[in-house]
Every structure is written in C-alpha cells, then in structure tokens.
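Presented below is the structure to which this report refers.
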Protein chains: 2
Amino acid sequence: MNGEILSTGDEVCSGAINDTNAAHIASGLKDIGVRVTRHGCVGDDMKDLVAVLSEIGERSDIAIVTGGLGPTVDDLTAEAAAKAGGIGCALDESALTNIRHFFDKFSRKMAPSDIKQAMLPVGAIPIYNPAGTAPGFIQTIGRCRCYFLPGVPGEMEKMFAASVLPDIASLLRKGRVVTCQRQLSVFGLPEARVNDRLAGFSERFPSIKLGMLARFPVITVKLTGFCPLNSREDSMECDIQKAAVQNEIDRAGDWAAERLGDHVFDRDGRSMEAVVGDLLVKQSATLAVAESCTGGLVSHLLTNVAGSSGYFLFSGVTYANQAKMDVLGVSKETLDTVGAVHEETVVQMAEGVRRLSGADWGLATSGIAGPSGGTSDKPVGTVCIGVASEKGSRAFRFYSPFNERLLNKQIFAIWALDTLRKMLIKEMII
Amino acid sequence: MNGEILSTGDEVCSGAINDTNAAHIASGLKDIGVRVTRHGCVGDDMKDLVAVLSEIGERSDIAIVTGGLGPTVDDLTAEAAAKAGGIGCALDESALTNIRHFFDKFSRKMAPSDIKQAMLPVGAIPIYNPAGTAPGFIQTIGRCRCYFLPGVPGEMEKMFAASVLPDIASLLRKGRVVTCQRQLSVFGLPEARVNDRLAGFSERFPSIKLGMLARFPVITVKLTGFCPLNSREDSMECDIQKAAVQNEIDRAGDWAAERLGDHVFDRDGRSMEAVVGDLLVKQSATLAVAESCTGGLVSHLLTNVAGSSGYFLFSGVTYANQAKMDVLGVSKETLDTVGAVHEETVVQMAEGVRRLSGADWGLATSGIAGPSGGTSDKPVGTVCIGVASEKGSRAFRFYSPFNERLLNKQIFAIWALDTLRKMLIKEMII
C-alpha cells in the first residue's frame with residue numbers, strides 16, 4: 001500500500017510557513033508500514049486543487065490532505081474534493097453538530113462563515129475534530145481513499161492519531177510490516193563524526209535500518225527493524241518474528257552505544273531535560289538554576305517536562321551583573337577581577353542559588369551567546385558552567401564554534417544540563 | 001522563470017525531520033519574483049535521485065536542491081547530479097581548500113570521509129560554505145540551472161542568501177517583478193476572526209495580495225504588492241511604479257490595521273518581545289520578571305533580542321511556592337488563602353521582583369499550564385499576570401482554552417508581554 005501527502009495553502013507552497021504536517025504524517029504512516037511515495041503542496045487555487053486531487057486519485061492507494069477546511073474565502077478543499085470526485089457538497093448534520101458543540105464549549109457565537117465548514121462532499125464520512133471547528137472527512141477519489149484534515153497542526157495531529165491511522169491500519173490485512181525501533185540520544189558529536197563511528201553498521205546488521213535525526217544540538221540515532229507478516233497479527237508465528245527483530249535491534253543498539261561511548265545520554269530517545277528530571281526523581285533531589293547567557297532557556301526546558309514541579313524549585317536569570325550580586329551573592333571583587341564569564345563566578349552563582357532556594361543541587365551558566373560581547377580571551381561561544389551540591393562545587397568551561405545567539409543559547413543550555421546529568425550519575429554510583 | 005525545490009534525504013521524506021529548508025527557499029525565491037511551481041522530496045537512493053534530477057532538468061528553469069552533500073555513505077547528491085548530467089565527478093581544489101580552512105579554524109583533523117565532500121561533478125561551480133564543511137555547487141542539468149546546497153539549515157540559509165539568490169537575480173533581466181511587503185503583527189484573534197474582519201479586502205485592494213502566517217499565538221498579516229518591470233532596475237519609470245505600489249500597500253495596511261484594532265501590536269511584523277524591548281529602550285527603562293507557570297519562557301523570549309541586556313535585568317522563575325516567599329517576599333498568608341494563581345499573588349510577585357532587582361518595571365506570571373493541576377475554580381489554562389511600576393501595580397486574569405502545557409506556556413508568555421506592552425504605551429502617552 002502506498003500513500004501520498006498533500007499540503008494545501010498558499011502559505012505552505014510559498015514557504016511562508018514551515019510544513020510540519022507532512023513530516024508528522026509521513027512518520028506516522030511509516031510506523032504502520034505504509035510506503036510514503038510522494039509529498040507535495042498546492043496553493044489556494046480551485047483549478048490546481050482539483051487537478052492535483054484527480055491525479056492522486058489515479059495513482060495512489062491512500063492520501064492524506066491537509067489544509068483548506070477553514071471558514072475563509074481561501075478555504076477551497078471540500079469543494080475541490082467534491083469536484084474531483086464529480087459530485088457536489090451538502091450540509092452534513094453531524095459535522096454541524098460538532099461545530100456547534102465547539103462554539104458552545106467556549107461560549108462563542110457561530111458566524112455564517114463557520115457553517116461553511118459543515119459543507120462536505122456528498123457521501124463523505126466526517127472526521128470529528130476535538131480541538132477546533134473544521135471537521136475533516138474521508139472521501140474516495142478515483143481509486144484513492146483520501147483523508148482530509150485541517151492544516152492547524154494541533155488539530156490535525158489529534159485527528160490523525162485518533163481517526164485516520166486506525167482507519168488505515170484496519171485496511172492493512174495482508175503483507176503488513178512490523179516495525180520496531182530503538183532510539184539513542186546523542187550529544188557532543190556532529191553528524192559526520194557519529195557516522196564515522198558507526199561505520200560498518202550495515203554490514204553487521206543488514207536487516208536493521210540506521211537513521212539519524214539532528215535537532216540541534218542533540219542527534220537521535222534511530223534503529224528500525226522490519227519483518228513482513230503474512231499471517232494475522234495475533235498468531236504465534238508473528239510473535240516469534242517480532243521477538244527476533246527486537247532481539248536484533250537490541251544487539252545493534254548495544255553495538256552502536258558502545259561505539260558512541262559517553263556521547264549517548266539515553267537509550268530510549270528521551271530529551272536531555274527528561275533524563276535529568278528522571279535522575280532527580282530517582283534521587284529524591286531538588287534543583288535550582290542560576291542563568292545568565294541562557295536567559296531562561298534552561299528552566300524553560302526543564303519545566304516543559306510534566307511533573308518537573310516535583311524537583312525544580314527556582315531559577316534566577318541574573319542577566320545583569322548587579323543581579324548576580326544582589327540575588328545570588330556573587331562577590332563584586334570576583335566580577336571586577338575575573339568577570340561574569342569565569343569558573344569562580346559560576347561556582348558562586350551555583351552555590352548562591354542553592355543557598356537561596358534550599359535545593360539539593362545548584363546549576364549555573366554564564367557565557368557569551370553573541371553576536372556581540374566577545375573578546376580575544378573570551379570569544380563569542382565561551383560558556384562557564386557551575387554545579388553545586390552538599391558535597392562541594394565544580395566548574396567547567398566550554399567553547400561553542402557558533403556565532404549565532406540562539407544556537408549558542410541552545411548548546412549552552414544542553415551543555416549545562418549534560419554536566420549536571422553526569423554529576424547526578426556519579427552520585428548514584430557512590 | 002520558474003523554480004523547483006527538491007529536498008533530499010530519508011529523514012525528510014519519511015517525515016522524521018521537518019523540512020524548513022523548502023519553506024525558506026520558496027520564500028526567498030518568491031521575493032525576487034521567481035514562480036515556485038513545485039517542491040518535493042526524494043530519499044537517499046541513487047536511482048531515485050538521478051531520476052528526479054533528470055526530470056527536473058527537462059521541465060524547469062532553475063532548481064534548488066538541498067541535502068546529501070555530507071561525508072557519510074548516505075550522501076549521494078554530487079554523484080547523482082553528475083550521473084543525471086551524464087558526466088563524472090572529480091576532486092575540486094577550491095572546494096578542498098574551503099574544507100581544509102574550516103578544519104583549521106576549529107583545530108580539527110580532516111578524516112577521509114571529509115575529503116569526499118570536495119568531489120564535485122566535472123565543470124560544477126563550487127559555492128563557498130562559510131559555516132560548515134560541505135561546499136555547494138551549481139550545475140546545469142538539461143535546461144535547468146541547479147543549485148546544490150547542504151541540508152543543514154544554518155549553512156544552507158547563509159549560502160542561499162550570499163551566493164544563490166544574487167546569482168538567480170542576475171539571471172532575471174526581462175519581466176522582473178518588484179515585490180513590496182508590509183506585515184502586521186496580530187495577537188488575540190484566531191485566524192478565522194482575522195479573516196472575517198478583513199472581509200472585503202480584495203475588492204478594495206485588488207492589486208495587493210493578502211496572506212496570513214500563523215505562528216502560535218501570533219498571526220502575521222502579510223500584504224504583498226507586485227509590479228512587472230519591463231524596464232531596467234535603475235530607470236525612473238521603475239521608481240515611479242515602485243512608489244505607486246508602496247503607496248497602495250500603505251493604504252491597504254492602514255485599512256487592515258483599522259479593522260483589526262488593538263489586536264495589531266506592530267506594523268512592521270516584529271515579534272512581541274522585540275516590540276516590548278523597543279518601548280523599554282525608548283523610555284530608558286529596565287525590566288525584571290517573576291515567572292511561575294511560564295517557567296523561564298518569558299525571559300528566554302526577551303533575551304533572544306540582541307541588545308536586551310540594555311533593559312532586561314533579572315527573572316526569578318519561582319516555580320515552587322517556597323521560592324515565591326523566600327525570593328520575592330510573597331506572603332504565606334496570601335498563598336494559603338487565595339493560592340499561587342491569583343491577582344494578589346502576582347501583584348506581590350511583580351512588586352517583589354521589582355524591589356529585589358531595582359528595575360523600573362516588574363512583570364509576573366502565575367497560572368496552570370496543564371495538563372494537570374486544574375480545579376473547577378481555576379481550570380487548566382488560567383493565568384494571572386501582574387505588572388508593577390513606581391506608579392503602582394495592576395493584575396489581570398486570562399483563560400486559555402487549551403489543555404496542552406507548551407501551548408499554554410506560549411500563550412501565557414505572550415499575554416504577559418502584551419500586558420506590559422500596553423502599560424508601557426500608556427506611560428508614553430502620559
């Protein structure tokens with residue numbers, strides 16, 4: 001079974017927005033074994049939309065189409081789908097009910113343009129939208145079963161997971177592919193170096209596909225195994241095959257982790273902040289952070305993890321030097337002699353925030369994210385990181401090769417969390 | 001002139017990563033008047049790559065191809081381009097020099113796989129990469145002038161701006177299109193409501209294209225004007241045409257801003273944090289922030305703006321209630337009676353952080369981002385915002401309709417900055 005993805009909308013085609021929908025959908029389809037053969041985009045033009053949908057109807061088994069279901073004049077998808085299918089649109093009562101329900105929930109009045117969203121191609125099956133007004137719908141065009149979803153990622157992703165993937169999975173009876181995956185979270189190596197270290201992988205593990213996903217500054221190494229099923233999902237033969245694939249993936253994961261050494265910080269693909277949070281929970285320890293150059297990013301990352309209020313107490317973003325002194329008790333003498341970006345300073349910051357908050361651990365950052373502020377001693381990209389605990393304090397200095405503010409904030413933040421992670425692990429071993 | 005964009009790489013095709021490159025390139029091409037007719041993707045497969053490049057060579061004037069220029073076994077683009085052009089690859093000396101230069105800069109040793117990146121199709125023109133090792137190159141395939149760039153966004157974007165766009169612009173002699181654009185930054189209205197308020201725009205301003213870019217929770221309304229040029233860039237006829245288009249865009253911008261009212265917070269498309277920063281600079285005022293639910297995001301946004309150290313002093317991310325008391329002086333009685341999420345509490349937080357830091361303005365957030373923590377009185381999505389200045393303090397309460405932690409953090413942070421923005425503007429009027 002092959003699938004296509006079509007993103008509609010002028011903003012997507014012209015590049016005004018990034019199309020995260022296609023990536024999300026492709027990933028989901030791949031996981032259930034649908035071969036994604038094409039994804040493209042088309043603008044808000046009736047003629048083009050009808051043409052592309054008709055082409056899709058002739059060449060693919062399934063298609064996921066996003067966008068164009070809203071209430072505005074640019075929203076042409078339902079009408080275009082009807083035209084491509086050679087039929088008309090009609091008011092769908094259950095779709096109208098869903099829209100009404102959404103408006104009642106937020107005590108908002110329906111406007112005429114909102115009712116337009118309940119006009120679906122005749123015979124189309126509505127897909128309930130739990131997070132917005134535009135219902136999606138399923139319609140066959142040519143030989144292709146087409147799923148139409150809103151373009152708003154938050155709405156699309158929910159509907160894709162709850163309604164579309166299960167529907168497609170139920171279509172897959174014969175020749176299904178089981179995919180198992182393991183993910184290694186890697187920090188501190190660029191992609192080329194990860195690749196060099198994993199040279200020889202495909203010869204050793206020919207049935208496992210190696211992939212790399214780089215989300216600066218972390219790389220996720222993905223190991224995926226497949227086994228075609230000619231039997232039903234719940235038979236014993238299937239279980240044996242799945243177990244064999246899983247076993248091979250585990251061996252491949254161990255081999256890769258050994259080659260990547262200390263740069264692997266998690267064997268389940270988790271984020272650095274989730275791993276740090278988990279270590280703090282295991283040790284029933286609390287954390288406070290003192291940030292300068294990272295400007296709040298370290299605490300923002302930590303607090304993105306659900307349950308972080310169980311260990312994260314406080315962050316002092318002491319952007320100004322006066323704040324470092326007044327809030328954290330960093331000494332004026334230190335700032336005057338060695339400056340804000342120095343090992344002595346971050347030790348005082350980490351100890352100060354620990355004292356102030358009563359936390360078990362204190363973590364501090366101070367550096368130069370750029371683009372301005374660098375000197376020959378301390379160029380843009382210099383960062384000092386301090387960690388304090390009841391056992392004492394340590395400081396570290398790193399140099400990022402980048403000149404961009406946001407890239408440096410990101411790498412400083414992950415360096416800081418990684419430094420804390422290593423010290424938390426040492427603590428568990430002792 | 002038409003252009004195509006091709007993104008290469010298994011991760012892009014399978015959806016493992018989001019393809020921001022295509023969007024960026026499409027936007028740049030559109031701005032110089034190239035009609036982007038197609039963008040698609042292809043995986044790391046030599047046969048597919050050669051086939052797609054050959055097809056492009058037959059149907060388009062220019063093409064921008066990203067990815068596959070790295071040192072790994074998956075990087076096939078240079079070889080595929082050569083095959084599609086019916087030629088071979090050879091070591092390009094200037095490309096090799098660029099790579100060596102990069103390694104010297106970071107005191108890193110070149111490995112054999114890095115030299116692979118200097119193997120380009122015979123006759124290709126290398127494109128210098130200032131931020132990485134992989135050089136790009138220009139090569140004609142069929143009738144198409146193809147620009148090959150790295151997939152890493154940071155590298156690609158620099159090379160696209162510095163080398164590719166100017167090269168394409170120089171190709172455009174006849175029939176060039178001048179584009180002028182105005183952007184309105186809008187907050188507090190969903191897309192459907194913005195659309196309703198701007199109903200009638202295309203009838204009033206038929207030559208101006210209206211677009212909307214939604215980057216939650218801010219919407220950027222884009223007004224673009226075009227005028228075809230049959231004369232040379234520097235002639236007076238051209239200047240007159242440009243002025244007429246600019247004038248019409250200004251009129252359209254004023255009309256749209258009037259219809260959107262207070263929801264327009266900037267007429268130059270700037271971010272909320274940049275607008276707030278600019279107001280603080282104009283008033284020579286300083287700011288400190290006290291964050292609870294936003295977890296550091298407000299200060300992270302503020303410190304993304306270059307020059308923010310000129311007005312941003314400190315943020316206290318008092319995630320734990322004890323920290324609210326110990327660091328900001330919030331009273332225990334207040335927390336025990338009305339709780340952390342209350343107008344009284346955020347007033348004390350804002351006043352406390354102002355006192356602590358000596359800032360002119362204090363801004364505080366306290367709310368429930370979710371998914372847990374809501375009650376019937378204060379459901380998930382409730383946020384209180386406090387603002388303190390020498391003239392006194394004010395508090396506000398808002399309700400977000402979302403259940404997702406990150407969405408709520410984002411909308412809370414922009415609500416807080418917007419609240420401050422409005423009070424800063426009042427200050428200027430007085």
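Owing to the predicted nature of the structure, the values given are computational and were not obtained by experimental measurement. Naming convention: chains lettered A, B, ... in sequence-line order (proteins, then strands); numbering from 1 in each chain.
Rounding to the nearest 0.5 Å places CZ of B/Phe314 at 11.0 Å from CD of A/Glu291. For the atom pair CG (B/Asn321) and CG (A/Leu313), the distance works out to 11.0 Å, reported to the nearest 0.5 Å. The structure places CG of B/Asn304 at 7.0 Å from CZ of A/Arg405, a figure rounded to the nearest 0.5 Å.
The salt bridge (charged side-chain N to carboxylate O under 4.0 Å, His left out) check on A/Asp196 picks up A/Arg193, with sequence neighbours excluded. Applying the side-chain contact (heavy atoms from CB on, under 4.5 Å) criterion to B/Pro379, with sequence neighbours excluded, gives B/Thr382, B/Tyr399. For B/Phe412, the ring pair (Phe, Tyr, Trp, His ring centres under 6.0 Å) test picks out no residue, with sequence neighbours left out.
Considering only heavy-atom pairs separated by less than 4.5 Å from chain A, the leading option among B/Gly70, B/Ser309, B/Ser202 is B/Ser309. Ranked by heavy-atom pairs shorter than 4.5 Å toward chain B, the options A/Ser292, A/Ala320, A/Gly373 are led by A/Ala320.
There is no contact between A/Ser357 and chain B, counting heavy-atom distances below 4.5 Å. With a 4.5 angstrom heavy-atom cutoff, A/Pro190 touches chain B only via side-chain atoms. Residue contact with chain B, scored on non-hydrogen atoms closer than 4.5 Å, involves the backbone and the side chain of A/Ser308 alike. In this structure, chain A has a heavy atom under 4.5 Å from the backbone of B/Val305, while its side chain stays farther away. Residue contact with chain B, scored on non-hydrogen atoms closer than 4.5 Å, involves the side chain of A/Ala323 exclusively. Neither the backbone nor the side chain of A/Val353 comes within less than 4.5 Å of any heavy atom of chain B.
Contacts with chain A (heavy atom to heavy atom, under 4.5 Å) involve these residues of residues 296-303 of chain B, listed by number: B/Gly296, B/Leu297, B/Ser299, B/His300, B/Thr303.
Considering only heavy atoms from C-beta on, B/Val152 stays 4.5 Å or farther from A/Phe216 through its side chain.
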